[in-house]
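Here the structure is a predicted model, which is why all the values come from computation and not from measurement.
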Amino acid sequence: MVDARKRLYAQISARRKQDISAELENMDSSLKALLENQISEFEHRIEGVIAQGKELSAKAELLRSTPDTGPVSVAMVLAEMPELGRMTATEAAAMTGLAPMAHDSGAMRGKRVIPRGRRSLRPVLFQVGLAASCHNPVLKAVAKRMKQRGKPHKLVIGVLPVSWTRR
């Protein structure tokens, strides 16, 4: 639904650059309202499911206690990583695809890449890491130290959610 909303907004923006009729403008408004209502309904249903489960609500409360974590991030992590809380930070990083995998063979040392993992979580955790690097004082300091050591920006942002899972 969120992807459909994003596509609709892009289409509306493209049509506004052209001459569009009032009829299309009305259709766009009703489609936007429909998508917003459906997304809102799904968000309320997801919150209800999380609140009903004792273990889920405990995990959600712990995740929400981090200042850089929003409701979408919490829901995605709970849905995509039910094992959270029963694994190490290294295992969590590997599962989400944030742990660099080596491409080494003999004397050759290849570039580390993040090829596997639960891809749907990566963009969500990237946003969490981005917010943490700006707003969470502890993780902001970690990000600053990594940048001073010359680490690339994407590496810094990718490492922060792993630090976040250690809680």
Verdict with reasoning, V77 to T69, per side chain to side chain contact (heavy atoms under 4.5 Å, CB included): CA-CA 10 Å; V77 169; T69 309; over 6 Å; no
Could you list the residues that satisfy side-chain hydrogen bond (donor to acceptor under 3.5 Å, both in side chains) with R145, not counting sequence neighbours? none
Run the side-chain hydrogen bond (donor to acceptor under 3.5 Å, both in side chains) test against Q148 and tell me which residues pass, sequence neighbours left out. none
Rounded at 0.5 Å granularity, tell me how far [atom1] in [X] sits from [atom2] in [Y].
X    : Y    : atom1 : atom2 : answer
S133 : M146 : OG    : CE    : 11.0 Å
S73  : L78  : OG    : CG    : 10.5 Å
S40  : H44  : OG    : NE2   : 3.5 Å

Identify whether L63 and V72 are in the same connected component of the hydrophobic contact network (ILVMFWY, side-chain heavy atoms under 4.5 Å). yes
ILVMFWY network linking F42 to L35, side-chain heavy atoms under 4.5 angstrom: yes
K59 and P82: which non-hydrogen atoms are nearest, and at how many Å? NZ-O, 2.9 Å
For R86, salt bridge (Lys or Arg N to Asp or Glu O under 4.0 Å) partners two or more places apart: E55
Not counting sequence neighbours, which residues clear salt bridge (Lys or Arg N to Asp or Glu O under 4.0 Å) with E43? List them please. none
Just do the salt bridge (charged side-chain N to carboxylate O under 4.0 Å, His left out) check on R64 and E47 with the steps written out, would you? CA-CA 13 Å; R64 285 186 192 116; E47 285 295 319; 3.0 Å; yes
Evaluate the side-chain proximity of L130 to H153: yes if any heavy-atom separation is below 4.5 Å, no if none is. yes
Under a 4.5 Å cut-off applied to non-hydrogen side-chain atoms, are K140 and C134 in contact? no
For [X], enumerate each residue passing the side chain to side chain contact (heavy atoms under 4.5 Å, CB included) test, keeping only those at least two apart in sequence or located in another chain.
X    : value
S120 : M76, E80
E91  : M87, T88
I46  : I50, A75
E41  : R45

Please list, one pair per line, the donor and acceptor atoms closer than 3.5 Å that link side chains of residues 2-14 to other protein atoms, with sequence neighbours excluded.
residue: R5; atom: NH1; partner: E36; partner atom: OE1; Å: 3.2
residue: R5; atom: NH1; partner: E36; partner atom: OE2; Å: 3.3
residue: Y9; atom: OH; partner: E36; partner atom: OE2; Å: 3.0

